[in-house]
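Below is one structure, written out as structure tokens, with a few remarks after it.
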There are 2 protein chains.
Amino acid sequence: MMDPFQAHCEMEVTLAVISGKWKADIVQILSDGTPRRYGFFQKILPEVTPKILTNQLRELENAGILTRAIYPEVPVRVEYQLTEAGTGLLPILEALEIWAQSYTKKIR
Amino acid sequence: MMDPFQAHCEMEVTLAVISGKWKADIVQILSDGTPRRYGFFQKILPEVTPKILTNQLRELENAGILTRAIYPEVPVRVEYQLTEAGTGLLPILEALEIWAQSYTKKIR
DNA sequence: CGGTATCCGCCACGATACTG
DNA sequence: CAGTATCGTGGCGGATACCG
């Protein structure tokens, strides 16, 4: 991830947070508030390899977008959930989606 | 630039369009509607090298975000201006900026 | 003035295999 | 179940020099 604090303009902080091949997908999967487990992401995103999935999750965690809760049961359970900051991202992602839709219509 | 048409979710089309080290800056420079010349970008963004600047401008042009008008005077004059699609991006960039501001306050 | 041409380093992303 | 470990690579961004 690009260092958000050497961005030229503020908005690049946000871009830095959600730029990452699978981050938008991950945030969207968590968008309904339900805590989700590692295997759930693998099921929804079958193309992402474990290493990459872990990497993207960790970067979002470090950015404060989601939390990672470990329940030391047997077998172990790990749950990911959006933080308040992550939830604040949702309207923006929706705006990105809406713009993309009208854009695709015009360009394609 | 990542191919916008093999994105997993629609919003990544938008991310693909504005992801690029200097693209947000370029769009913001053009945000007031005034046509701007190549040298103007170089003056505002002294760190970007000519090759990179050209590259970022071309990618935005190919994405339909801005137009490139050549006036074959002597010396030649080239002017860049936002398209309608590019203008539609402005509220989104502002939303990114606003989110970044509250985010920076919380995290830093 | 507004670019090209050439060369190159870095690192995000990935394939594959293995593990506490 | 939820991850590491290792090795590999494509292409974005950059430094530097040159051009119509």
Side-chain angles (χ1 to χ4, degrees), chain A residues 1-4 6-9 12 15-26 29-30 35-63 65-81, chain B residues 1-9 12 15-27 29-30 35-63 65-81:
Chain A
M1 185 173 81
M2 164 180 124
D3 181 359
Q6 58 176 350
H8 334 102
C9 47
E12 283 165 9
L15 285 176
V17 167
I18 51 178
S19 289
K21 186 131 184 213
W22 305 96
K23 289 181 188 172
D25 305 80
I26 289 170
I29 287 169
L30 294 176
R36 297 296 186 183
R37 303 175 63 173
Y38 189 87
F40 187 78
F41 295 107
Q42 287 190 310
K43 202 166 59 179
I44 305 293
L45 308 170
E47 295 162 288
V48 61
T49 62
K51 181 197 156 189
I52 302 301
L53 178 56
T54 300
N55 166 48
Q56 301 279 298
L57 287 167
R58 289 294 199 285
E59 287 194 1
L60 287 170
E61 186 192 0
N62 293 335
I65 302 306
L66 51 79
T67 56
R68 176 171 177 268
I70 307 163
Y71 302 93
E73 310 163 351
V74 190
V76 63
R77 178 165 54 102
V78 177
E79 288 186 344
Y80 296 90
Q81 198 167 3
Chain B
M1 184 173 83
M2 163 182 127
D3 181 359
F5 297 115
Q6 57 176 351
H8 336 101
C9 49
E12 282 166 11
L15 286 175
V17 166
I18 52 179
S19 288
K21 187 131 183 215
W22 305 95
K23 289 182 187 172
D25 306 79
I26 289 171
V27 171
I29 287 170
L30 295 175
R36 297 297 187 184
R37 303 176 62 175
Y38 189 88
F40 187 79
F41 295 106
Q42 288 190 308
K43 203 167 57 181
I44 305 294
L45 308 169
E47 295 161 287
V48 61
T49 62
K51 181 201 153 186
I52 301 302
L53 179 55
T54 300
N55 166 49
Q56 302 279 296
L57 286 167
R58 290 294 198 284
E59 288 195 358
L60 288 171
E61 185 192 0
N62 293 334
I65 302 305
L66 52 77
T67 56
R68 177 171 176 269
I70 309 164
Y71 302 94
E73 311 164 349
V74 190
V76 63
R77 179 165 53 102
V78 177
E79 287 186 346
Y80 296 89
Q81 197 167 4

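Just so we're on the same page: letters track the sequence lines, and every chain starts at 1. Excluded from the calculations below are hydrogen atoms, water molecules and symmetry mates; all remaining heavy atoms, backbone and side chain alike, are included.
Between Leu66(A) and Ile26(A) the shortest side-chain heavy-atom distance falls below 4.5 Å. Counting only heavy atoms from C-beta outward, the side chains of Leu15(B) and Leu15(A) approach each other to under 4.5 Å. You'll find the side chain of Thr54(B) stays beyond 4.5 Å of the side chain of Phe41(B), heavy atoms only. Using a 4.5 Å heavy-atom threshold, the side chains of Lys21(B) and Val48(B) count as separate.
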Show your reasoning for whether side-chain contact (heavy atoms from CB on, under 4.5 Å) applies to Ile65(B) and Tyr80(B).
-> CA-CA 10 Å; Ile65(B) 302 305; Tyr80(B) 296 89; over 6 Å; no

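Between Glu59(B) atom CD and dG11(D) atom P there is a gap of 12 Å when expressed in whole angstrom units. Atom pair Gln56(A):CD and dT4(D):P shows a separation of 14 Å (rounding to whole Å applied). The distance from atom CG of Leu57(A) to atom P of dC13(C) is 13 Å, rounded to the nearest whole Å. Taking atom CD on Glu79(B) and atom P on dG3(C), their separation rounds to 12 Å, with Å as the unit. Taking atom CG on Asn55(A) and atom P on dA12(C), their separation rounds to 8 Å, with Å as the unit. In this structure, Glu73(B) places its CD atom 10 Å from P of dG2(C), rounding to the nearest Å.
OP1 and OP2 of dG2(C) both lie 4.0 Å or more from every side-chain N or O belonging to Tyr71(B). For dT4(C), one of the phosphate oxygens OP1 or OP2 lies less than 4.0 angstrom from a side-chain nitrogen or oxygen of Arg58(B).
For the segment residues 37-45 of chain A, the set of residues with a heavy atom within less than 4.0 Å of an atom of DNA chain D comprises Arg37(A), Tyr38(A), Gly39(A), in numerical order.
The side-chain contact (heavy atoms from CB on, under 4.5 Å) test applied to Asn55(B) returns Glu59(B), not counting sequence neighbours. In this view, Tyr38(A) satisfies the ring-ring contact (aromatic ring centres under 6.0 Å, His included) rule with no residue, not counting sequence neighbours. Annotation: salt bridge (Lys or Arg N to Asp or Glu O under 4.0 Å) contacts of Arg68(A) (sequence neighbours excluded): none.
For the atom pair Ile18(B) CD1 and Lys23(B) NZ, the distance stands at 9.5 Å (nearest 0.5 Å). A distance of 4.5 Å separates CD in Glu79(A) from CZ in Arg77(A), rounded to the nearest 0.5 Å.
Of the possible polar contacts, one joining the Gln56(B) side chain to the Trp22(B) backbone as a donor-acceptor pair under 3.5 Å is found.
With the end axes of the helix from dC1(C)-dG20(D) to dG20(C)-dC1(D) each set by five pairs, the angle from one to the other reads 60° at 10° resolution.
Of the candidate nucleotides dG3(D), dC1(D), dG3(C), dG3(C) has the atom nearest to the side chain of Tyr80(B).
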Enumerate the protein-to-nucleotides 14-20 of chain D contacts in which both atoms are nitrogen or oxygen and the separation is below 3.5 Å.
residue: dG14(D); atom: OP1; partner: Lys21(B); partner atom: NZ; Å: 2.5
residue: dG14(D); atom: OP2; partner: Trp22(B); partner atom: NE1; Å: 2.8
residue: dG14(D); atom: N7; partner: Lys51(B); partner atom: NZ; Å: 3.4
residue: dG14(D); atom: O6; partner: Lys51(B); partner atom: NZ; Å: 2.1

